[in-house]
Chemist: 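Would you mind keeping the following structure in view while I ask a few things?
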Amino acid sequence: MSSTAGQVIRCKAAVAWEAGKPLVMEEVEVAPPQAMEVRLKILFTSLCHTDVYFWEAKGQAPLFPRIFGHEAGGIVESVGEGVTDLKPGDHVLPVFTGECKECRHCKSEESNMCDLLRINTDRGVMLNDGKSRFSIRGQPIYHFVGTSTFSEYTVVHVGCLAKINPAAPLDKVCVLSCGISTGLGATLNVAKPKKGSSVAIFGLGAVGLAAAEGARIAGASRIIGVDLNSNRFNEAKKFGVTEFVNPKDYKKPVQEVIAEMTNGGVDRSVECTGSINAMISAFECVHDGWGVAVLVGVPNKDDSFKTHPVNFLNEKTLKGTFFGNYKPRSDIPSVVEKYMNKELELEKFITHEVPFSEINKAFDYMLSGEGLRCIIRMEE
């Protein structure tokens with residue numbers, strides 16, 4: 001056991017005291033892990049759109065003060081009672097959703113939506129006792145999606161930790177904790193394009209480019225990138241995108257444009273925007289008889305999906321996915337191995353790096369649309 005096991009650890013954390021305000025570097029107290037919990041030392045973390053969305057308080061019932069962060073890589077410092085598959089020193093990736101291995105979803109080969117540990121953006125406390133493990137001078141600081149990686153130490157439920165190859169560089173594979181795995185898995189696990197097939201990717205942000213990377217790995221011969229921002233097209237070539245469509249350049253619906261380009265439609269499409277119009281276009285642009293469209297983006301709560309039922313009768317298939325259909329504990333270690341085997345390229349997703357003391361720069365980069373992922377180095 002580590003020398004700090006069972007003790008409160010004092011460390012630096014970037015605390016969000018108010019919605020939309022810069023994070024403040026504070027000394028926080030991190031309590032020891034309780035039953036089925038693990039305390040980690042975070043070495044690298046990165047900023048995801050989900051952090052920004054809830055930091056801006058666009059989500060429901062914002063909880064402040066709060067420690068955000070959920071894409072990260074770290075080392076186990078100590079474990080709570082009942083934790084048997086992790087030990088101090090293990091390298092892990094915390095994940096915003098979990099795998100208890102006991103519920104119907106975890107036992108199903110078809111689902112990764114754990115009943116116990118499915119993402120919950122409103123909880124802010126640990127499941128074990130309904131309390132936070134973070135505090136400042138006695139004031140509790142809320143958790144975020146069970147990970148809170150914008151802290152040098154954090155406490156996470158064991159079911160939300162993927163034990164990975166210790167040789168894997170944490171400053172690279174930490175980006176697999178959320179968006180990159182989501183896009184990659186949407187293509188490889190759900191759309192499942194065949195070698196030589198055509199794939200349309202709607203939205204060329206980090207998740208969409210990860211979906212394109214999946215199409216490249218699968219051997220797709222045509223990868224069509226669809227985005228309203230043509231400035232993204234050149235960067236997308238690095239991810240295997242071969243052709244580009246900006247819907248603003250056409251007077252007809254983009255699904256009709258793609259159908260004309262591909263003699264009836266693409267074999268697969270992956271939507272990564274959250275725009276209801278993009279979702280409809282992604283479905284309607286696939287070929288009848290065998291086309292499959294996969295929805296990844298999260299729509300507004302009042303949106304409704306409208307398409308003619310004949311599209312289904314013509315044997316077009318519509319699917320949705322959560323975290324790329326990956327089970328965190330069972331599957332993410334193998335995604336790390338894809339990187340280690342040079343099958344998956346992660347460096348091209350990482351466009352910036354800052355020390356922990358400059359974490360607010362990562363927010364500036366994302367809010368200005370600069371780059372894809374900014375790695376935050378915890379040790380100065």
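Keep in mind that this is a model prediction, so the values were computed, not measured. Side chains are part of it too, since the values below use all heavy atoms of this structure and drop only hydrogens, waters and symmetry mates.
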Chemist: Measure the spacing between CG of N325 and NZ of K192 and express it to the nearest 0.5 Å.
Modeler: 8.0 Å
Chemist: Using a 3.5 Å distance criterion without hydrogens, assess whether the side chain of E99 forms a donor-acceptor pair with backbone atoms of S330.
Modeler: yes
Chemist: Okay, side chain of E71, backbone of G179: is any donor-acceptor separation there less than 3.5 Å?
Modeler: yes
Chemist: At their closest point, which heavy atom of S151 faces which heavy atom of V30, and how far apart are they?
Modeler: OG-CG2, 4.5 Å
Chemist: Are F244 and V226 co-members of a hydrophobic cluster defined by side-chain heavy atoms under 4.5 Å apart?
Modeler: no
Chemist: Using the six-membered ring wherever Trp is involved, compare the ring planes of Y365 and H352 and label them parallel, tilted or perpendicular (cut-offs 30° and 60°).
Modeler: parallel
Chemist: Taking S275 for the side chain and A278 for the main chain, is one N or O donor matched with an acceptor at less than 3.5 Å?
Modeler: yes
Chemist: Taking atom NZ of K348 as the centre, does the number of heavy atoms from other residues, nucleotides or ligands within less than 6.0 Å exceed 12?
Modeler: yes
Chemist: Distance from D288 atom CG to K316 atom NZ, nearest 0.5 Å?
Modeler: 6.5 Å
Chemist: Enter the distance from K327:NZ to T97:OG1 here, rounded to the nearest 0.5 Å.
Modeler: 10.5 Å
Chemist: Evaluate the side chain to side chain contact (heavy atoms under 4.5 Å, CB included) criterion for residues L93 and V336: first the C-alpha distance (whole Å), next the side-chain angles of each, then the deciding distance (0.1 Å), finally the verdict.
Modeler: CA-CA 10 Å; L93 300 184; V336 170; 4.1 Å; yes
Chemist: Taking the side chain as C-beta and beyond, is there a heavy-atom pair between V52 and W55 under 4.5 Å?
Modeler: yes
Chemist: Do V294 and M279 sit in one hydrophobic cluster, given that two such residues count as connected whenever their side-chain heavy atoms are within less than 4.5 Å of each other, even indirectly?
Modeler: no
Chemist: So, are R216 and E213 salt-bridged, with charged N and O less than 4.0 Å apart?
Modeler: yes
Chemist: For residues D51 and H70, determine if any side-chain heavy atom of one lies less than 4.5 Å from a side-chain heavy atom of the other.
Modeler: yes
Chemist: From I9 CD1 over to T4 OG1, what is the distance, rounded to the nearest 0.5 angstrom?
Modeler: 4.0 Å
Chemist: Applying side chain to side chain contact (heavy atoms under 4.5 Å, CB included) to V335 and L184, what does each step give before you reach the verdict?
Modeler: CA-CA 9 Å; V335 181; L184 184 74; 3.9 Å; yes
Chemist: If only atom types and distance count, is the side chain of D267 paired as donor or acceptor with the main-chain N or O of G291 below 3.5 Å?
Modeler: no
Chemist: Taking a hydrophobic cluster as the set of Ile, Leu, Val, Met, Phe, Trp and Tyr residues connected by side-chain heavy atoms closer than 4.5 Å, whether directly or through intermediates, do I136 and Y153 fall within one such cluster?
Modeler: yes
Chemist: Go through the steps to decide whether K238 and E347 satisfy the test salt bridge (charged side-chain N to carboxylate O under 4.0 Å, His left out), and finish with yes or no.
Modeler: CA-CA 11 Å; K238 299 177 185 177; E347 284 83 358; over 6 Å; no
Chemist: Looking only at heavy atoms, which two atoms of A72 and S177 are closest? And how far apart?
Modeler: O-OG, 3.3 Å
Chemist: Without swapping roles, check the side chain of S181 against the backbone of L176 for a donor-acceptor pair under 3.5 Å.
Modeler: yes
Chemist: Decide side chain to side chain contact (heavy atoms under 4.5 Å, CB included) for I223 and F239; before the verdict, give the C-alpha distance in whole Å, the side-chain angles of both, and the deciding distance to 0.1 Å.
Modeler: CA-CA 9 Å; I223 304 174; F239 299 83; over 6 Å; no
Chemist: Using a strict 4.0 Å threshold on nitrogen-to-oxygen distance, state whether K361 and E370 make a salt bridge.
Modeler: no
Chemist: Within a 6.0 Å radius of atom NZ on K101, are there more than 12 heavy atoms belonging to other residues, nucleotides or ligands?
Modeler: yes
Chemist: If we count only N and O atoms by modelled type, under 3.5 Å, do the side chains of Q34 and D129 hold a donor and an acceptor together?
Modeler: yes
Chemist: Is the closest side-chain heavy-atom distance between P33 and V79 below 4.5 Å?
Modeler: no
Chemist: Under 6.0 Å from the CZ atom of F363, do we count more than 12 heavy atoms belonging to anything else shown?
Modeler: yes
Chemist: State, yes or no, whether a side-chain contact exists between R123 and H143 at a heavy-atom distance under 4.5 Å.
Modeler: no
Chemist: Hey, is NZ on K41 packed in by over 12 heavy atoms from elsewhere, all under 6.0 Å?
Modeler: no
Chemist: Less than 4.5 Å apart, any side-chain heavy atom of V292 and any of V286?
Modeler: no
Chemist: So, T317 side chain and W290 main chain: donor-acceptor pair closer than 3.5 Å or not?
Modeler: no
Chemist: Can you check whether G274's main-chain N or O pairs, donor with acceptor, with E271's side chain at less than 3.5 Å?
Modeler: yes
Chemist: Output the distance between atom CG (L161) and atom CD1 (I332), rounded to the nearest 0.5 Å.
Modeler: 12.5 Å
Chemist: Nearest 0.5 Å, what's the CD-CG distance between E81 and N128?
Modeler: 9.0 Å
Chemist: Just by modelled atom types, is the N311 backbone N or O under 3.5 Å from a matching donor or acceptor in the N314 side chain?
Modeler: no
Chemist: Testing the basics here: between T154 and S148, what is the closest heavy-atom pair and its distance to 0.1 Å?
Modeler: OG1-O, 3.1 Å
Chemist: Identify the heavy atoms of I375 and S46 that sit nearest to each other, and give their distance.
Modeler: CD1-CB, 4.1 Å
Chemist: Tell me whether M113 is reachable from L127 by hopping between hydrophobic residues (I, L, V, M, F, W, Y) whose side-chain heavy atoms are closer than 4.5 Å.
Modeler: no
Chemist: Count I, L, V, M, F, W, Y as connected when their side-chain heavy atoms are under 4.5 Å apart, and connections chain through other members. Are V270 and V245 then in the same cluster?
Modeler: no
Chemist: Answer whether the closest heavy-atom distance between the side chains of E26 and P65 falls below 4.5 Å.
Modeler: no
Chemist: Is the distance between the ring centroids of F312 and F283 less than 6.0 Å?
Modeler: yes
Chemist: Do the non-hydrogen side-chain atoms of I141 and W17 ever get within less than 4.5 Å of each other?
Modeler: yes
Chemist: With a 3.5 Å distance limit and no angle check, can you tell me whether S198 reaches the backbone of V266 through a side-chain donor-acceptor pair?
Modeler: no
Chemist: Step by step, would you call D90 with V38 a side chain to side chain contact (heavy atoms under 4.5 Å, CB included)?
Modeler: CA-CA 11 Å; D90 283 343; V38 178; over 6 Å; no
Chemist: Minimum heavy-atom separation for L372 and F349, please, with both atom names.
Modeler: CB-O, 3.2 Å
Chemist: Taking CG in N341 as the centre, count heavy atoms belonging to other residues, nucleotides or ligands within less than 6.0 Å. Is the count above 12?
Modeler: yes
Chemist: Between E152 (side chain) and C11 (backbone), is there a donor-acceptor pair under 3.5 Å?
Modeler: no
Chemist: Which class fits the ring pair Y326 and F323: parallel under 30°, tilted 30 to 60°, perpendicular over 60°?
Modeler: perpendicular
Chemist: Which pair of heavy atoms, one from T273 and one from G203, lies closest together, and at what distance?
Modeler: CG2-CA, 3.5 Å
Chemist: Would you say R133 and R39 make side-chain contact, with heavy atoms under 4.5 Å?
Modeler: no
Chemist: Are F144 and F96 near enough that their ring centres are under 6.0 Å apart?
Modeler: no
